[in-house]
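Letters go in sequence order (proteins before strands), and every chain restarts at 1.
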Amino acid sequence: MSTDRYPFREIEAKWQRIWEERQQFHAVEDASRPKFYCLEMFPYPSGRIHMGHVRVYAIGDLLARYKWMRGFNVLHPMGWDAFGLPAENAAIENGVHPAIWTYENIDYMRSQLKKLGISYDWGRELATCDPSYYKWEQLIFIKMLERGLAYRRRSTVNWCPSCQTVLANEQVEAGRCWRCDSEVTPREIEGWFFKITAYADELLAWCDRLTGWPERVITMQRNWIGRSEGAEFDLAVAGRSDLAIRVFTTRPDTVFGMTYAVLAPEHPLVDRLLTDDAERRAVTEFRGEVARESEIERLAADRPKRGLRLRAKVVNPFSRAEIPLFLADYVLMGYGTGAIMAVPGEDQRDWDFARQHGLPIIETVKRPDGWVGEAYAGDGVKINSGFLDDLSVTEAKRKAIDWIVERGIGVAKVNYRLRDWGISRQRYWGAPIPVLYCERDGMVPEAEENLPVVLPRDVQLSGKGGSPLAEVASFVNATCPTCGGKARRETDTMDTFVESSWYFLRYASPRYERGMFERSAAEYWMPVDQYIGGIEHAVLHLLYARFYTKVLRDLGMVKVDEPFTALLSQGMVIKDGAKMSKSKGNVVDPDDLIHTFGADTARLFSLFAAPPEKDLDWNDHGVEGASRFLNRVWRFVFTHLDTLKAGAVPPTPSTDEGRVFRRTIHETIKRVTEDIERDFHFNTAISAVMELVNATYAFESVSADRMAGAERAALLREAVEVVILLLGPIAPHVTEELWAALGHAASLFEQPWPTPDAGALTRKDVTLVVQVDGKVRSRLQVDIDATEEHIQRLALADDKVQPWVRARAVERVVVVANRLVNIVTRA
RNA sequence: GCGAGAGUGGCGAAAUUGGCAGACGCGCUGGACUUAGGAUCCAGUGGGCCCAAAGCCCUUGGGGGUUCAACUCCCCCCUCUCGCACCA
């Protein structure tokens, strides 16, 4: 391990202290300057920060400091997503109250973030478990309740047996709990929902306009919302004028191919269709079999489909044919109407089922020539379809819907995969849902003046057996705000994703006491210009926050339609081919890293090792390399300090060497700026600075006796200052120190970002590559304004080119300005 | 199955969007300085032919194609990662 390192510990502590004393990153609304709201997803206070945090915050800080130097009024806040199950679990295990556990973790993690030297406005810090925060969430809940955007209903929900709580659909991954990985089971329960489906269309439509978002996140959201257009209509039950079965289809053009229909096993109409006890028993048994299939089993799409034929038949409204009716496990009660028309000719699932049960298959779309396969889902001409024959699929869909509507048996219909957001959690450490149940008035919201409904402190946490709040008599027994009589409080708490759906708004005025946020401040800062966080929130937090923002907009509270203009999804930090985790033993602790190498090195390596959206492969040797580079910059400044301090304003160099070096300096400015602005290519921005440092060392060693001392000193100074400025947002402590060492009194971050000097970038001549038949044979130095004919002549006459063209006929010569010449020959 | 993305040296990665493949860094090899160095500096480092150099040939998952020119565009195939998963 190296011993010769610059004194990063003193320097980092020193500048962190100075920034804090100067309140350098304190943000104030200022209409005269363009604003830039830079936000990294706030952390859950789990105990300690990990390398993934270091990576996100290094990215965010780079952008924030860069924008500062570009003259923006930057808001860069930090807070804590402080409610959640781990605090409660820790409490059960260790007997510490969740509040104490949470606040201790916050204190420790805050100190870690401060040691990283991130440019946060700590004056805006917030924690979502503070009643002064969740008070406003409760107020909005009541407003949502008034508008029917929050409602209570009994339904089958995802139950995590280990977390002992309900989960939203978005929080179930492949049938397992997103947090603890337990298998989720269905459970019929009463709970609260947010009506996110009311915004399905708008959430989807805006996907096209979120041009600053990564395509893959947009795609995931689109798929999650899952819009499908089609029709809904009734199937008459043969011989039963009192009953009809409503089905949904995206392919109304295929109704003539419907050879049977299917109900979900738990469909409410089933019981009314049964003819006798034998059939009733068969259905009960069938339902039992389906229920025993675990969620995981259900995920295997290729397993055989289970079905039970009922005695009742239905009528195909187009062909008037009586067709069989089934219960089958491949039809889900939760989507559409819980019943389908089956079209084996054009749907593979129906095809599979039809073959298993020996049902007829009618093709209603002409197959393309040479097509081999089973169900055909493609485009084509309609056949075997009565009045739809010879139409295209698209035309037939339209005509079929018209037909259905005219006869009053159905309507055109759009369905979404998106479900309403279940927000009830049967746990303690969350924001109380502000409603009461009164013996006289029923369910009533808490009065606004009684908010916040504070989470009681004294509670028994066992981790099982329902909501812990139900056991706290002083909480449960309350007064009805309407009649003043006895009422019982709701004991469910809100999903913690509710808090994170609006924290970015609270940062605009975090101490505001008269509302969720101060309108003028929110209008000034919103939307977030750059949001940065992990891909794991592609459809969780990011969808909820979009929804909540639209709700607040419709409540007249904010003006923006969308919360985040641009999104950067950074990759994971992995080591030895796997995500860092305690069980794998491949964890790098940020504390150790900062102690051994310093925050600047940790940040530099995080930004250099990979572009931000890719996974970052942690490499201890690579960290040493980053440290080595900062030392190299440090050493250059201090070994040449006298020369550098003597350097005056850079002149137009009088020598070629000087001109080339100065061009390198200014090209570096251009490259680094473009890399940051255009694509967040921080890794190549850093490599460009490394190249400039290498060039500076080289220039220093060769220029001493070849040029006037003053000119040399000026050029070296310009180079070093550019290196420091460009590196500032990446490694802020060491660069502040070097900047001061060069005699500057003001902070580096009050300097404007450098701009390339157009004069320094111009070149007199250029090196062209000369190819013969696409192979590089020579190089040519020509004047920048040389004519094409001149270049051709030079290229053909070139010594190294001659042997390749002598025996062959030159067919043509391609000249690409400033790049290359390609001589094309024929044998 | 559907959707998205990726495949380049020993490793992390670059390539101005069709124009010198492998910048920068790690690792490795050799040298310098040094009591010593795992510090620092200098040089080399895709593969092959060659004692060596000059030089030549090959090389971006595989196969075709378009083009003066392909990591980049088009078609087919293979592999991997991620997301959704019987959504009618």
Side-chain angles (χ1 to χ4, degrees), chain A residues 1-5 173-175 214-224 226-228 230 247-251 254 262 298-303 305 328-332 334-343 346-350 352-353 415-419 535-536 538-539 571 605 608-611 613-626 628-629 631-632 635 670-671 674 678 681 683-691 693-694 697-698 701 767-776 779 800 803 811-825:
Chain A
M1 203 117 308
S2 106
T3 50
D4 183 28
R5 291 224 183 90
E173 297 170 348
E215 192 54 43
R216 74 174 159 150
V217 175
I218 291 291
T219 305
M220 282 162 73
Q221 292 216 351
R222 267 202 201 102
N223 293 345
W224 188 261
R227 181 191 151 98
S228 45
V247 294
F248 172 72
T249 180
T250 54
R251 293 292 304 273
T254 61
V262 189
R298 293 185 71 135
L299 294 176
D302 52 352
R303 80 188 204 293
K305 296 174 187 353
D329 60 349
Y330 78 103
V331 173
L332 310 172
Y335 187 76
T337 60
I340 62 157
M341 62 170 218
V343 193
E346 278 81 36
D347 184 289
Q348 189 59 42
R349 293 158 300 179
D350 296 345
D352 293 338
F353 191 84
N415 255 325
Y416 296 93
R417 217 186 69 104
L418 183 70
R419 287 310 127 73
I535 188 72
E536 65 273 19
V539 285
F605 179 72
F608 178 63
E613 68 280 6
K614 282 189 71 169
D615 284 349
L616 187 158
D617 197 354
W618 195 266
N619 177 321
D620 292 336
H621 290 301
V623 179
E624 284 168 29
R628 191 146 53 218
F629 170 67
N631 269 294
R632 201 164 137 77
R635 203 175 328 108
K670 190 159 172 271
R671 286 171 63 190
E674 284 173 359
R678 210 182 30 189
H681 281 176
N683 54 333
T684 50
I686 292 166
S687 73
V689 179
M690 287 173 167
E691 284 181 66
V693 170
N694 293 345
Y697 267 94
S701 70
T767 304
L768 300 180
V769 165
V770 184
Q771 301 178 330
V772 178
D773 295 322
K775 292 210 160 76
V776 180
R779 255 154 245 274
K800 294 211 181 94
E811 195 165 72
R812 62 189 278 208
V813 181
V814 180
V815 178
V816 182
N818 298 332
R819 277 190 220 277
L820 57 68
V821 182
N822 191 13
I823 300 166
V824 186
T825 70

Span that lies between the P atom of rU72(B) and that of rU8(B), in whole angstrom:
14 Å

Is it the case that the side chain of D773(A) and the backbone of T825(A) share a donor-acceptor pair, with hydrogens and angles ignored and the cut-off at 3.5 Å?
yes

Assigned glycosidic conformation for rG9(B) [threshold 90° from 0]:
syn

E691(A) meets the side-chain hydrogen bond (donor to acceptor under 3.5 Å, both in side chains) criterion, sequence neighbours left out, with R671(A)

Given rC26(B), rG19(B), rA4(B), which nucleotide is nearest the side-chain atoms of R216(A)?
rA4(B)

Whole-Å distance separating the CD atom of E811(A) from the C1' atom of rA69(B)
14 Å

Minimum-distance nucleotide to L332(A) side chain [options: rC26(B), rA88(B), rC20(B)]:
rA88(B)

Treat a base pair as Watson-Crick or G-U wobble with both distances under 3.5 Å, then lay out RNA chain B in dot-bracket form, 5' to 3', with | for cross-strand pairs.
(((((((..(((......[....)))((((((.......))))))((((.....))))..(((((..]....))))))))))))....

Tabulated below should be each protein N or O lying under 3.5 Å from an N or O of nucleotides 13-16 of chain B; please produce it.
residue, atom, partner, partner atom, Å
rA13(B), OP1, K614(A), NZ, 3.4
rA13(B), O3', N683(A), ND2, 3.3
rA14(B), OP1, N683(A), ND2, 2.9
rU16(B), N3, R819(A), NH1, 2.5
rU16(B), O4, R819(A), NH1, 3.1

Picking from rC26(B), rA23(B), rC68(B), the nucleotide nearest the side-chain atoms of E691(A) would be rA23(B)

Provide the distance between the two C1' atoms, one in rU40(B) and one in rC49(B), to the nearest whole Å.
38 Å

Give the rounded distance in Å between these two atoms: CG of L820(A) and P of rU67(B).
19 Å

Checking N822(A) side chain against G774(A) main chain: does a donor-acceptor pair fall under 3.5 Å?
yes

Considering only atom C1', compute the distance from rG7(B) to rG22(B) and round it to an integer number of Å.
16 Å

Can you check the distance between rU59(B) and rC24(B), where both ends of the measurement are the P atom (answer in whole Å)?
25 Å

Nearest to the side chain of V824(A) - rC20(B), rC58(B), rC68(B)?
rC68(B)

The test is side chain to side chain contact (heavy atoms under 4.5 Å, CB included); show your working for R251(A) and V343(A) and say whether it passes.
CA-CA 9 Å; R251(A) 293 292 304 273; V343(A) 193; 6.0 Å; no

Can you name the residues that form a side-chain hydrogen bond (donor to acceptor under 3.5 Å, both in side chains) with T684(A), not counting sequence neighbours?
D675(A)

Q221(A) has an atom CD; how far is it from atom P of rA4(B), in whole Å?
16 Å

Nearest of rC24(B), rA4(B), rA39(B) to any side-chain atom of R628(A)?
rA39(B)

side-chain contact (heavy atoms from CB on, under 4.5 Å) filter on R227(A), not counting sequence neighbours, yields D201(A), L204(A), E229(A), V414(A), Y416(A)

Just the rounded figure in Å: distance from C1' of rC41(B) to CZ of R632(A).
9 Å

For the side chain of R635(A), starting at C-beta, report the closest nucleotide among rC68(B), rA88(B), rC41(B).
rC41(B)

Taking only the side-chain heavy atoms of N694(A) (C-beta and beyond), determine which of rC24(B), rG19(B), rG3(B) contains the nearest atom.
rC24(B)

Please report the distance separating the C1' of rC74(B) from the corresponding atom of rC84(B), rounded so that it comes out in whole Å.
29 Å

Pick the P atom in rG10(B) and in rG5(B), then give their distance to the nearest Å.
29 Å

Which whole-number value in Å describes the distance from N223(A) CG to rC84(B) C1'?
7 Å

I'd like the C1' distance from rC20(B) over to rA15(B), given in whole Å.
11 Å

Run the side-chain contact (heavy atoms from CB on, under 4.5 Å) test against R216(A) and tell me which residues pass, sequence neighbours left out.
I535(A)

In whole angstrom, give the distance that lies between atom CE of M220(A) and atom P of rC82(B).
12 Å

By salt bridge (charged side-chain N to carboxylate O under 4.0 Å, His left out), D350(A) pairs with (sequence neighbours left out) none

When the nearest nucleotide of RNA chain B is assigned to I686(A) and to G774(A) on a heavy-atom basis, which residue is associated with the more 5' position?
I686(A)

Test side-chain contact (heavy atoms from CB on, under 4.5 Å) applied to F605(A) - qualifying residues, sequence neighbours left out:
A609(A), L616(A), W618(A), N619(A), V623(A), A626(A)

Report the glycosidic orientation of rU17(B): syn if within 90° of 0, anti in every other case.
syn

Distance between P atoms of rA21(B) and rA69(B) (Å, rounded):
14 Å

Ranking rA88(B), rA85(B), rC68(B) by distance to the side chain of R417(A), first place goes to rA85(B)

So, R632(A) and N694(A): side-chain donor and acceptor under 3.5 Å apart, yes or no?
yes

What's the closest nucleotide to the R779(A) side chain, out of rC68(B), rA4(B), rC20(B)?
rC20(B)

Where is the tightest heavy-atom contact between P611(A) and N683(A), given as atom of each residue plus distance?
CD-ND2, 3.5 Å

Which residues pass the side-chain hydrogen bond (donor to acceptor under 3.5 Å, both in side chains) test with Q221(A), sequence neighbours left out?
R546(A)

Which residues satisfy the side-chain hydrogen bond (donor to acceptor under 3.5 Å, both in side chains) test with R812(A), sequence neighbours excluded?
none

In whole angstroms, how far is the C1' atom of rC20(B) from the CD1 atom of I823(A)?
15 Å

Nearest-neighbour nucleotide for the S228(A) side chain, rC68(B), rC41(B), rA88(B) considered
rA88(B)

Taking only N/O atoms, report every protein-nucleotides 71-74 of chain B pair under 3.5 Å with atom names and distance.
none

Hits for side-chain contact (heavy atoms from CB on, under 4.5 Å) against V816(A), two or more places apart or cross-chain, chain-then-number order -> V814(A), R819(A), L820(A)

